[in-house]
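Numbering starts at 1 and runs along the sequence shown.
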Amino acid sequence: QVQLVESGGGLVQAGGSLRLSCLASGRTFSRYAMGWFRQAPGKEREFVASISWSGGLTYYVDSVKGRFTISRDNAKNTVFLQMDSLEPEDTAVYYCAKSAGSGATDARGAYTYWGQGTQVTVSP
């Protein structure tokens, strides 16, 4: 059983930055792609970013390109989401997820394990 624990959320003013972390349990972390999703109140969960098993390929939703950066440290079983130039529209619960495959993907169905989420609130 894989456990994913997110941290780093909080309240920040528009234009500010936050760095989310996700620590994964288990020995197979480095074999699989990881992703970040978010869910705002009253909206469906949406894809934010994904990173391949090696970290060599990344994929972002258009609305965060140039502002967010996903990265991973396979030695520490951790994936990160650096969020810069935050906007009020980025306010949501952010979820870390582990894919069943090795390639970066935005397909929600590819992700088989999910964290509990961390709240990010961006004030105007």
Side-chain angles (χ1 to χ4, degrees):
Q1 185 73 12
V2 173
Q3 290 187 325
L4 303 174
V5 179
E6 302 98 335
S7 61
L11 173 64
V12 64
Q13 288 188 330
S17 298
L18 284 173
R19 189 190 195 204
L20 306 183
S21 299
C22 173
L23 177 63
S25 65
R27 300 181 179 181
T28 62
F29 175 81
S30 63
R31 300 179 189 175
Y32 299 99
M34 298 293 294
W36 287 96
F37 289 73
R38 66 186 180 186
Q39 188 168 16
K43 295 186 177 181
E44 292 190 357
R45 192 172 299 189
E46 68 167 349
F47 168 79
V48 176
S50 179
I51 188 167
S52 63
W53 69 277
S54 67
L57 292 176
T58 57
Y59 184 35
Y60 299 91
V61 67
D62 285 347
S63 60
V64 308
K65 284 180 181 177
R67 301 189 298 121
F68 291 11
T69 303
I70 188 171
S71 61
R72 66 190 296 162
D73 184 340
N74 285 343
K76 296 183 178 180
N77 276 23
T78 303
V79 62
F80 305 97
L81 186 67
Q82 177 67 41
M83 305 186 295
D84 299 318
S85 302
L86 282 161
E87 304 169 352
E89 293 75 21
D90 296 317
T91 295
V93 177
Y94 283 71
Y95 297 90
C96 170
K98 181 182 178 183
S99 174
S102 59
T105 177
D106 63 347
R108 184 174 171 180
Y111 294 87
T112 52
Y113 292 97
W114 296 81
Q116 294 298 310
T118 185
Q119 177 70 46
V120 172
T121 304
V122 184
S123 63

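- Counting only distance, with no hydrogens or angles, the side chain of Glu6 and the backbone of Gln116 share a donor-acceptor pair below 3.5 Å.
- Thr118 is not listed as a side-chain neighbour of Ser7, based on a closest heavy-atom distance of 4.5 Å or more.
- Taking hydrophobic clusters as Ile, Leu, Val, Met, Phe, Trp and Tyr residues chained together by side-chain heavy-atom distances below 4.5 Å, Tyr59 does not share a cluster with Tyr32.
- Aromatic ring orientation, Tyr95 versus Trp114: perpendicular (interplanar angle above 60°, classes split at 30° and 60°).
- Using modelled atom types, one side-chain atom of Asn74 and one backbone atom of Trp53 make a donor-acceptor pair closer than 3.5 Å.
- Here the options are Thr69, Leu20, Asp73, Ile70, the test is side chain to side chain contact (heavy atoms under 4.5 Å, CB included), and the partner is Phe80; only Asp73 passes.
- Under a cut-off of 6.0 angstrom, the local environment of CG in Leu11 is crowded, with over 12 non-hydrogen atoms contributed by other residues, nucleotides or ligands.
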Pair Thr112-Ser99, side-chain contact (heavy atoms from CB on, under 4.5 Å): steps then yes or no:
CA-CA 6 Å; Thr112 52; Ser99 174; over 6 Å; no
So Leu81 and Val48, side-chain contact (heavy atoms from CB on, under 4.5 Å) or not? Walk me through it.
CA-CA 10 Å; Leu81 186 67; Val48 176; 4.3 Å; yes
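- For the atom pair OG of Ser102 and CG of Leu57, the computed distance is 9.5 Å after rounding to the nearest 0.5 Å.
- Side-chain atoms of Arg31 do not come within 3.5 Å of backbone N or O of Arg27 as any donor-acceptor pair.
- What you find for Pro124 and Pro88 is that their closest heavy atoms are CA-CG, 4.0 Å.
- Judged purely by distance below 3.5 Å, without hydrogens or angles, the side chains of Ser50 and Tyr111 pair a donor atom with an acceptor atom.
- Hydrophobic cluster membership is shared by Val122 and Leu18, with clusters built from Ile, Leu, Val, Met, Phe, Trp and Tyr side chains linked at under 4.5 angstrom.
- Between Phe68 and Tyr94, the angle of the ring planes lies from 30° to 60°, which puts this pair in the tilted group.
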For a side-chain contact (heavy atoms from CB on, under 4.5 Å) check, start with the C-alpha distance between Met34 and Arg72, then their side-chain angles and the critical distance, and finish with the verdict.
CA-CA 9 Å; Met34 298 293 294; Arg72 66 190 296 162; 3.8 Å; yes
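- Within 6.0 Å of CD on Gln3 lie no more than 12 heavy atoms contributed by other residues, nucleotides or ligands.
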Could you walk me through whether Tyr113 and Gln1 pass the side-chain contact (heavy atoms from CB on, under 4.5 Å) test, one step at a time?
CA-CA 9 Å; Tyr113 292 97; Gln1 185 73 12; 4.0 Å; yes
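- Between the side chains of Thr121 and Gln119, at least one donor N or O lies within less than 3.5 Å of an accepting N or O.
- Taking CZ of Arg67 as the start and OG of Ser85 as the end, the distance is 7.0 Å to the nearest 0.5 Å.
- Side chains of Lys76 and Ser21: no donor on one and acceptor on the other come within 3.5 Å.
- Within the model, atoms CG of Leu4 and CG of Leu23 stand 8.5 Å from one another, a figure rounded to the nearest 0.5 Å.
- Under the rule for a side-chain hydrogen bond (donor to acceptor under 3.5 Å, both in side chains), the partners of Gln82 that lie at least two apart in sequence or sit in another chain are Asp84.
- Cluster membership for Trp36 and Tyr60, using ILVMFWY side-chain heavy atoms within less than 4.5 angstrom, is shared.
- In this structure, Arg45 contributes its side chain and Arg38 its backbone to no donor-acceptor pair below 3.5 Å.
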